[in-house]
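Scroll down for the structure; my scribbles are underneath it.
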Amino acid sequence: MPTMGAFHDGHLSLMRTARSECDVVLVSLFVNPTQFGPDEDYHRYPRDESEDASLASDIAIDFLFAPSNEEMYPPGFACVIDPGPAGQGLCGAHRPGHFTGVATVVARLLGIVAPDVTYFGLKDFQQVAVVRRVVADLAIPVEIRALSTVREPDGLAMSSRNRLLEPEARERAAALFAGLRGAVERYAEGERSPARLTAVVRSIVGEAGLDLEYVDVRDAETLGSYTPERSAVLAIAARVDGTRLIDNVVLVPSGNVVPGRVSRPWAGGTA
Ligand code: PAF
């Protein structure tokens, strides 16, 4: 399970699932510099390795692999993986090079560890699409398990960056999911216009004074253009006092509930 540490309940829930499904569980902890832009929060990204080690050991994780930059990118390291269209648009359009960094580090981690299964959270919906692309195209023999977003009681998706928020900003951050939930409600009533669905999100996020980076409706499988007949992902990125947060929900045309998944759309990141 690749992570950048600063574990929260989203990580811990993935770890517990991995623990229950696998004989041996290895969690990697590496704040990957190549997926941060020059003006992004690499240096500010939360780090607490000893607390992470204790949380991982509470779940009886077998190995915590915390390589140095030099181990991950030794002298002579030269290959980079461009994941193509999956990494363009949405976050990719606002974070040039981000998904190349993610694709490269994940491929290298999978190469080093050679797991049978790898675990990701669906809060990073586009990241999962990118990793699926890399694994398919490079024929990496691994099963990808992508699990629902874990949320705070007010709906805010768990994220390591939440701990960068001051209490007042933390409260306003709930508007990200409130916006998505507003659009889910309209979708459930039959609204299918991406412009009107995203307008609902814009209005709720705007009222809370968040700085919206994007809100978009894309095909849930390809991340290409949205067609009302197919499942879609409604994805958002916004800054709350300078901290960039992302979230998404999946909109399913038949009944607005993913079969076999949660019945309350906001309980698990899918709708
Ligand atoms: O989701 C993350 O924490 C990172 O993007 C990942 C997958 C560990 C790659 O650095």
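Whatever order the structure lists them in is the order used to number ligands and atoms, beginning at 1. Note that the structure is a prediction, hence the values are computed from the model and not measured. For the single chain, residues carry numbers from 1 onward in sequence order.
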Notebook entry, point to check: Quick check: does N32 get an N/O under 3.5 Å from an N/O on ligand 1?
Noted result: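 No.
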
Ligand-side contact atoms (ligand 1) for residue partner [X], heavy atom cut-off under 4.0 Å:
| X | result |
| --- | --- |
| P2 | 8 (C) |
| V105 | 9 (C), 10 (O) |
| F120 | 7 (C) |

Checklist line | Interatomic distance, R19 atom CZ to M1 atom CE [nearest 0.5 angstrom] | finding: 12.5 Å

Check: If you measure from OG1 on T118 to CG on L109, what distance do you get to the nearest 0.5 Å?
Finding: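 Going from OG1 on T118 over to CG on L109, the span is 8.5 Å.
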
Note to self: Show me the pairs that pass ring-ring contact (aromatic ring centres under 6.0 Å, His included) and involve residues 203-225, at least two apart or across chains.
What the structure shows: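 Applying ring-ring contact (aromatic ring centres under 6.0 Å, His included) to every pair that reaches into residues 203-225, excluding sequence neighbours, yields H94-Y214.
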
Check: Got a sec, which pairs hit ring-ring contact (aromatic ring centres under 6.0 Å, His included) with one end in residues 105-138, sequence neighbours left out?
Finding: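 Applying ring-ring contact (aromatic ring centres under 6.0 Å, His included) to every pair that reaches into residues 105-138, excluding sequence neighbours, yields nothing.
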
Notebook entry, point to check: Can you name the nearest heavy-atom pair linking D62 to D23, along with the distance?
Noted result: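 Smallest interatomic distance, heavy atoms only, reads OD2-O, 3.8 Å.
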
Among all protein heavy atoms, pick out the one at the shortest distance from [atom]; state its residue, atom name and that distance to 0.1 Å.
| atom | result |
| --- | --- |
| atom 1 (O) of ligand 1 | Q127 NE2, 2.8 Å |
| atom 3 (O) of ligand 1 | M4 CG, 3.4 Å |
| atom 10 (O) of ligand 1 | Q35 OE1, 2.6 Å |

Margin query: Could you tell me if R161 sits above the aromatic ring of Y45, with its cationic atom closer than 6.0 Å to the ring centre and no more than 45 degrees from the axis?
Written below: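 The answer is no; the distance or angle limit is not met.
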
Next item on the list: Select one of side chain, backbone, both or neither to describe which atoms of T3 lie under 4.0 Å from any atom of ligand 1, heavy atoms only.
Entry: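 The answer is the backbone.
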
